[in-house]
Amino acid sequence: MGFVSNPALFLNVPVNFLTIRKEDKHKSMGIVSDDATILKIKHEVLTEVAKLAFAGELDEKKENIPYEMIPGPEAHFRCCIYKEREIIRQRVRLAEGKCPGNRESSNIVQVINSACEECPISSGYVVTDLCQGCLAKSCKQSCNFGAITIGNDRSYIDPEKCKSCGKCAQACSYSAIVKIQRPCMKSCPVSAITMDEHGVCQIDESKCIQCGQCIHNCPFGAIASKTSIVDIINAIREGKKVVAMLAPAGEGQFGENITMASWRTAMKKLGFADFVEVGLGGDMTAAFEAEEWAESFKEGKKMTTSCCPAFVNYIKKHFPELVGNISTTVSPMCAVSRMLKAKDPETVTVFIGPCIAKKSEAQDKSIEGNADFVLTFGEIRAMMRAKGVELEPEENTSQEASVFGKRFGNGGGVTEAVVECLKESGESTDIKVARCSGIAECKKALMLFKLGKLPEDFIEGMICEGGCVGGPSRHKAAMTAKKDRDKLISQADARGVHENLKNYDMDSFSMHR
């Protein structure tokens, strides 16, 4: 298999269409991706579903969406309009919170088979045109499985015999043998993605930690997550008290002039009854986790944080012997939700952020009082577009969290907040913390923990590099948003964590699982 230099050919997209879409990149909500085509389709589907849901016409008119988006007669990004419409139809099902096709699965992350089956890549080692047909035949000599034969002009690898050990690639003096791997499989940190006999990706739900990395790494847009847009809109239309809760990572994602006040105004226009900054939940989690850490430190018990759901899923599925060492303190999302439900049990709570795994946390009914629904930034923006609502600049005067709670979304932010709480409580801060950002660091620390060789006392685990600000559904890359984020947070007052929590009835709900 040779290399495709033209991305339009690799994506099976006509060149003129791809060019048009890239010119429209600034219209694609600024999401971190070079493929505006995928994003445009995804967000158009979400917006159309939201429009019909707000109008109470979804069941009646949802079958029209594929035809309105793909009127024909010419196909624009697939082989034919029928394939395009089928993909749109499956995306509508995901927007409704259903699995694509007829399968049943509780997994948040799903594969759209009709979109995946055109991916031209089969994972494995291949010989490229760099092969010189040399006399040494080191590639063949290195293979222990008889997978390599020598042709007239180059070597060939039999995929049926190849075990993907990579020895041939190491032996080749010309670096003519390369490992080709599907982007989704390469991006999955736990090797949960394989291919069936038809080349369609399959997700092993026993391994999947629902981090969502594969979603934004698939060039065909064939992997997506279920959404709760329809359920949330229905709750708003029914007159229920629906409260929006913005993740700490949201501050700075939409520019230096989009403040918490901006979000509150926009959410009220959209139909939410109220809005809460989840940085407040960061303060709550830090305060109670600090108590846990102090007690465990005295007992000599090592612990991990519990606020990153992908990290918790990772421990449960890949390091089950360490489940008992996960902090029992609930996440900031759950803390705020429980606070709201303690005041009014009928409140419907909706978390908004860059995280896919939060959807799995909300789905876990073993955690009582957690958020009812979770929306990514792209999903809430689709709802806003459906109603003509925009985030508009406002003064940065609304503050419900300390600076430490606001920084919860940064890698190391949890540790900083917990250490601050220990200081405020007069406890010892002479503790060692492994601040893990990204799956590689998390895996290393957990492996040492499992083997009894972890030098630190506690592990702060964030599966996304950089913390929540690096989440798969972020609006802007963490470094791009850093300047705006730092500026907004720098305008917050210097209230302490415990000082801030005095304004809330912390005895009205539990902070533990």
Positive for side-chain contact (heavy atoms from CB on, under 4.5 Å) with Val330, one of Met511, Glu368, Met284, His512: Met511
Side-chain ion pair, Asp486 and Arg407, N-O less than 4.0 Å: yes
Geometric class of the Phe377/Phe254 ring pair [parallel <30°, tilted 30-60°, perpendicular >60°]: perpendicular
Neighbour count above 12 (heavy atom, 6.0 Å) for Lys240 NZ: no
Thr259 vs Gln491 side-chain heavy atoms within contact, under 4.5 Å: no
Pair Gln210, Asn313: side-chain N/O donor-acceptor within cut-off below 3.5 Å: no
Lys365 NZ: over 12 foreign heavy atoms closer than 6.0 Å: yes
Considering all heavy atoms, the nearest Phe408-Cys307 contact: CE2-SG, 4.1 Å
NZ/NE/NH1/NH2 to OD/OE distance under 4.0 Å, Glu96 and Lys62: yes
Greater than 12 external heavy atoms within 6.0 Å of Asn503's CG: yes
Test item: Glu456 and Val433 side chains (from C-beta on) under 4.5 Å apart, heavy atoms: no
Side chains of Ser105 and Gln110 in contact at under 4.5 Å (non-hydrogen atoms): yes
Between Glu361 and Ser331: side-chain donor-acceptor atoms closer than 3.5 Å: yes
Between Glu289 and Thr305, a side-chain donor and acceptor under 3.5 Å: no
Heavy atoms of other groups near Glu465 CD, more than 12 under 6.0 Å: no
Side-chain touch Cys464/Pro472, heavy atoms, less than 4.5 angstrom: yes
Over 12 foreign heavy atoms within 6.0 Å of CD, Glu238: yes
Ionic contact status for Glu57 with Lys61, cut-off 4.0 Å: yes
Glu205 atom CD, neighbour heavy-atom count above 12 within 6.0 Å: yes
Charged N-O contact under 4.0 Å between Arg91 and Glu48: no
Minimum side-chain heavy-atom gap Val111-Arg103 below 4.5 Å: yes
Donor + acceptor pair across side chains of Thr349, Ser337 (<3.5 Å): yes
Under the side-chain hydrogen bond (donor to acceptor under 3.5 Å, both in side chains) test, residues paired with Glu84 that sit two or more places apart: none
Enclosure of Lys302 NZ (heavy-atom neighbours >12, cutoff 6.0 Å): yes
Trp293 and Phe458 aromatic ring geometry - parallel, tilted or perpendicular at 30°/60° bounds: parallel
Aromatic ring pairing Phe319/Tyr314, orientation class (parallel under 30°, perpendicular over 60°, tilted between): perpendicular
Leu46 side chain near His43 side chain, heavy-atom distance below 4.5 Å: yes
Lys/Arg N to Asp/Glu carboxylate O, Asp372 vs Lys341, below 4.0 Å: yes
Test item: Pro248 and Val278 side chains (from C-beta on) under 4.5 Å apart, heavy atoms: yes
Check: Thr227/Glu379 side-chain N/O donor and acceptor closer than 3.5 Å: no
Cation-pi, Phe54 ring and Lys387 (6.0 angstrom, 45 degrees): yes
Distance-only side-chain donor-acceptor flag, Ser114 / Glu86, under 3.5 Å: no
Under 3.5 Å side-chain donor-acceptor pair for Glu292 and Thr328: yes
